Amino acid sequence: MTINELQDEIIEQFSQFDDWMDKYALLIDMGNSLEPLENEYKTPQNLIEGCQSRVWLDAQMKDGKIYFRGDSDAVLVKGIVYLLIHVLSGHTPDEILNADLYCIDKIGLREHLSPTRSNGLLSMLKQMKMYALAFKSKQE
Amino acid sequence: MNKEEIEHIRADFPILSEKVYNKDLIYFDNAATTQKPRCVVEKIEYAYFHLNANIHRGVHYLSLKATEAHEAARLTAAEFLHAEKKEEIIFTRGTTESINLVAFSFGEAFCHPGDEVIVSAMEHHSNIVPWQMLCERKGMKLRVIPVNENGELDMVAYSSLLNEKTRIVSVAHVSNVLGTINPVKEIIRIAHEKNIPVLIDGAQAVPHLSVDVRELDADFYVFSGHKIYGPTGIGILYGKEKWLNAIPPYQGGGEMISTVTFEKTTYNELPFKFEAGTPDYVGSTALAEALRYINNIGLDNIAAYENELLHYAEQQLMEIENMHIIGTAKNKCSVLSFLVDGIHPYDIGMLLDKLGIAVRTGHHCAQPIMDMFGIPGTVRASFAFYNTKEEIVRFTEALKKVVNMLK
Ligand SMILES: Cc1ncc(COP(=O)(O)O)c(C=O)c1O
């Protein structure tokens, strides 16, 4: 699926719920279903320090596509990590660089990515794009 | 205070009837900042509409009025802290600026390489960093009073830290994370035996306890207006006259001078020496209104009621499994920090928010004490006299629901 198809799928999933608590329950489920990142990958280089919670991000390039894995110590944050990875992982550097992540806005989770929340997620998204840029320039 | 009185008080705070996400707001983040009673906001409007002119400078009617209001506010603040003279009250932007002022000016006058400053392990960053900057500037050393597992200062260790190199001690009256009320009178007495002055960070104390700087014999005492139901951007530095006279100005500019020539400037007398530039006379006027409001209710009434709230909340929270209250000092203010095993504070805070409950999560600008407890942060509920037991019940129910979702 393309990045946008994946995003639309997620929007669809969240749109079943009106109540905030139900949306967050879904996000918690997503966080809990995130494939755990082994401790050896929770390195200082992979750590994105937020004021409130910590986020780890690892990226590997295989056959021209980038595969992300990540983790966080807060489960709601982990849920968003899941969303970002689910949408962006397995795509080419160009696709990731050009991606417009509208789904976070659409499902009402924008506040988690706002710079004032300082939970490391905005930095994570920037880091994902940085990886894409780095892998792209290595390719060329 | 009974239910009716509390209802009466709540009516003075319009924000308490706000809805967030269509739910009644429960505001339990009072240690971060307090809400403002109508009279304080009205005072700000009044000041701008009826006595706005630059102070101390004009010969005209309005300027006189504004000057009088600012100086009357100084007197109110002096009386509030039981200072001997109103000249011992300096208006600043808040606790942070007050501490920076002392760290700079006291440092310039009295500190030399090899000297030491003592703070405690439970300080807010704003009572750590200014002293670290002083230490860096002067080649000095920062010494730290340790805290036990209940969140109380180790007074034996404190005594042994004091020595002939110690220039000043700076500790919080009340911890913003643990709620501990520190034995500041004793801290001051012990330091004074060695002629060492003490600064007390009263940011979390003045809204909850009545403070008498003369009884404490504090050399400096500081607090922020916004944490005591007053406006943001105004705060107080109390300093004993002998210290304020002995230390140089912090900032230069208008108001703080007596005469200026390019060869030499002489400084104005206290308190103006420390108030460079046009001061926040609107803020000071409104802060005085807040202090009067508090005095009318009575700090003893406030303390008794808030204690009731704290104990009630502690009881309620203990019904939740795997609950840990961080900060179990014998002497506590209405600050309740806690953790639930296996659940990150951020998750609890985010979900409580969606249920209309405002609490703070994280390290509360006091990272060293978090490191000492070996925790990333806490959830903190902090109560004011406009909070109610009903709110605590709703909070506990919400917390149970949230913990269930997260575990
Ligand atoms: C104990 C303590 N000291 C200092 C401060 C800093 O106050 P302000 O930010 O108003 O200068 C705070 C505020 O959180 C505090 O709780």
Side-chain angles (χ1 to χ4, degrees), chain A residues 14 16-34 36-37 39 42 44 47-56 70-84 104-105 107-124, chain B residues 19-26 29 32-33 124-125 129 177 322 337 339-371 374-380 394-395 397-407:
Chain A
F14 275 89
Q16 310 168 52
F17 304 111
D18 290 328
D19 189 75
W20 269 112
M21 281 316 194
D22 296 330
K23 289 189 196 205
Y24 273 82
L26 177 59
L27 193 65
I28 291 167
D29 284 344
M30 288 177 166
N32 286 329
S33 72
L34 185 68
L37 190 64
N39 279 339
K42 290 186 179 170
L47 175 66
I48 300 164
E49 195 81 46
C51 190
Q52 296 263 354
S53 65
R54 295 189 295 172
V55 175
W56 292 269
D71 206 344
S72 169
D73 48 2
V75 71
L76 288 175
V77 176
K78 225 158 119 175
I80 310 243
V81 170
Y82 170 92
L83 285 179
L84 294 178
I104 302 284
D105 235 344
I107 57 187
L109 296 173
R110 171 103 248 149
E111 59 178 308
H112 289 280
L113 280 182
S114 91
T116 54
R117 280 282 178 194
S118 61
N119 52 14
L121 284 172
L122 195 64
S123 315
M124 172 171 171
Chain B
K19 300 258 184 225
V20 296
Y21 315 111
N22 289 320
K23 301 199 163 60
D24 289 331
L25 166 71
I26 293 182
D29 195 16
T33 200
H124 188 279
H125 293 164
V129 183
V177 182
N322 301 321
S337 258
L339 277 176
V340 182
D341 281 343
I343 303 181
H344 198 281
Y346 181 80
D347 292 326
I348 293 181
M350 280 307 295
L351 292 179
L352 285 178
D353 172 57
K354 288 291 181 288
L355 295 169
I357 300 168
V359 293
R360 177 122 187 239
T361 66
H363 54 58
H364 317 295
C365 298
Q367 271 172 319
I369 194 70
M370 295 293 137
D371 293 344
I375 52 179
T378 69
V379 184
R380 181 186 71 188
R394 228 187 89 200
F395 163 67
E397 277 163 12
L399 190 58
K400 282 179 186 162
K401 179 171 172 178
V402 162
V403 165
N404 250 330
M405 278 176 79
L406 289 166
K407 78 177 177 200

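We name chains A, B, ... by the order of the sequence lines, and we start the count at 1 in each one. Everything numeric here is computed off the predicted structure, so don't read it as measured data. Excluded from the calculations below are hydrogen atoms, water molecules and symmetry mates; all remaining heavy atoms, backbone and side chain alike, are included.
Here CZ of A/Arg54 is found 8.0 Å from NE2 of B/His344. Values are rounded to the nearest 0.5 Å. Taking CG of B/Leu351 as the start and CG of A/Leu76 as the end, the distance is 5.0 Å to the nearest 0.5 Å.
In this structure, the side chains of A/Ile28 and B/Met405 come closer than 4.5 Å at one or more pairs of heavy atoms.
Under a cut-off of 6.0 angstrom, the local environment of NZ in B/Lys401 is sparse, with at most 12 non-hydrogen atoms contributed by other residues, nucleotides or ligands.
Against chain B, the residues from residues 17-27 of chain A that qualify, each with a non-hydrogen atom under 4.5 angstrom away, are A/Trp20, A/Met21, A/Tyr24, A/Ala25 in number order.
A/Tyr82 is linked by a ring-ring contact (aromatic ring centres under 6.0 Å, His included) to A/His86, counting only residues two or more places apart in sequence or in another chain.
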